[in-house]
2 protein chains.
Amino acid sequence: MHLVGQQVVDGATTDDATAHCRAMGYILDRVGDKWTIMAVGALSLGPMRFNEMMRKIGGVSHRMLTLTLRGLEREGLVTRTAYATIPPKVEYELTDLGRSLITPLTALADWAHQNRPAMEAARARYDAKV
Amino acid sequence: MHLVGQQVVDGATTDDATAHCRAMGYILDRVGDKWTIMAVGALSLGPMRFNEMMRKIGGVSHRMLTLTLRGLEREGLVTRTAYATIPPKVEYELTDLGRSLITPLTALADWAHQNRPAMEAARARYDAKV
DNA sequence: CGGGATCCTCCAAGATACTG
DNA sequence: CAGTATCTTGGAGGATCCCG
């Protein structure tokens, strides 16, 4: 086997695996942080205003939510609609792309929900030993 | 409606949604960082030694991989087996729990792989406007 | 080879305050 | 109400060195 410009460590599946890893690395850098996920989670309930999101998410600072939403807008996962009323009103909504993220995210959330007890038990065991 | 110890913000679905969010928040704090995901991805190929993982993942520092693996071990997702040989040899392997994480992670990776072009296009559009 | 300890840097993110 | 700017700091993470 001879692949140019790519290191084959231990088999044919390696390049697939690294490609996978790179895809993950990419997405994690973009939408992998806590607030981003929380924001998508909140918006999965429907369009929402800024302060509504703040309350829904909880614990997020004004500034971080703004930055997070800018990021999501930039990546094309969220649309921002400002109404020139007084007081101003801004609604955020998931795009189709954003909505398509809900499914795999929900799968992960379900996993988290189901296996959290197991992880907590494991951690308790680990900490008890040390 | 009267729920003790749980804040109901604006409706019946809120607690479900927030429960989901909390589950996500929890898992993201534990296994949401880049290196953790990469490590699980690497180990999904099979048991592996420390330096092997370093090479496979790429760009991870000695220290961070150690910390990451300790974390995974603590959460019960990875087992660590040290052989008292000279030179020492340490093998890491996913537990059943760890392996169960592969499925939802793969779903996310697939999403990333499929939608990365769309996200890059959206970003280019966004950046062009500003 | 793998793990730990130490030091150091730098940036993510909170707090605060001001504008439209 | 929503957004931006500035300041400040805690801690994540890299580099390095030494141990078993």
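In what follows, chains carry the letters A, B, and so on, assigned in the order in which the sequence lines appear, proteins first and then strands, with residues in each chain numbered from 1.
Nucleotide D/dG3 holds its P atom 11 Å from the CE atom of A/M54, rounded to whole Å. Atom CE in B/M48 sits about 17 Å away from atom P in C/dC1, given to the nearest Å. Here the C1' atom of nucleotide C/dC1 and the CZ atom of B/R55 are 11 Å apart, to the nearest Å. Computed from coordinates, the A/M64 CE to D/dG10 C1' distance equals 15 Å when rounded to whole Å. If you measure from atom CD1 of B/I86 to atom C1' of C/dG3, you get 16 Å, rounded to the nearest angstrom. Taking atom CG of residue B/L65 and atom P of nucleotide C/dC1, one finds them 14 Å apart after rounding to whole Å. Going from atom CG of A/L67 over to atom P of D/dA5 covers 11 Å, rounded to whole Å. For A/L69 and D/dT4, the CG to P distance is 11 Å, given to the nearest whole Å.
Picking from C/dG3, D/dC1, C/dC1 the nucleotide with the shortest atom distance to the side chain of B/V90 gives C/dG3. Closest approach to the A/R70 side chain among D/dT4, C/dG2, C/dG14 is made by D/dT4 (side chain taken as heavy atoms from C-beta onward). Looking at the side chain of B/R63, the nearest of the listed nucleotides D/dG13, D/dT6, D/dA2 is D/dG13. Nearest to the side chain of A/R80, among C/dC1, D/dG3, C/dG4, sits D/dG3.
The cluster map of Ile, Leu, Val, Met, Phe, Trp and Tyr, joined by side-chain heavy atoms under 4.5 Å apart, puts B/M54 and B/L67 in the same cluster.
For B/H62 against C/dG3, a side-chain N or O and a base N or O form a donor-acceptor pair under 3.5 Å.
Judged as a ring pair (Phe, Tyr, Trp, His ring centres under 6.0 Å), and not counting sequence neighbours, B/Y92 has no contacts.
With contacts defined as side-chain heavy-atom distances shorter than 4.5 Å, the pair B/E75/A/Y126 does not qualify.
For the pair A/A42 and A/K56, the tightest heavy-atom approach, listed with the atom from each and the gap, is CB-CG, 4.2 Å.
A/Y92 comes within contact range of the sugar-phosphate backbone alone, with a heavy-atom separation under 4.0 Å but no base atom that close.
For A/R49, a side-chain nitrogen or oxygen approaches OP1 or OP2 of D/dA2 to under 4.0 Å.
Sequence order on DNA chain C of the closest nucleotides to A/P88 and A/S61 puts A/S61 first from the 5' end.
Side-chain atoms of B/T79 come within 3.5 Å of backbone atoms of B/E93 as a donor-acceptor pair (strictly under, hydrogens ignored).
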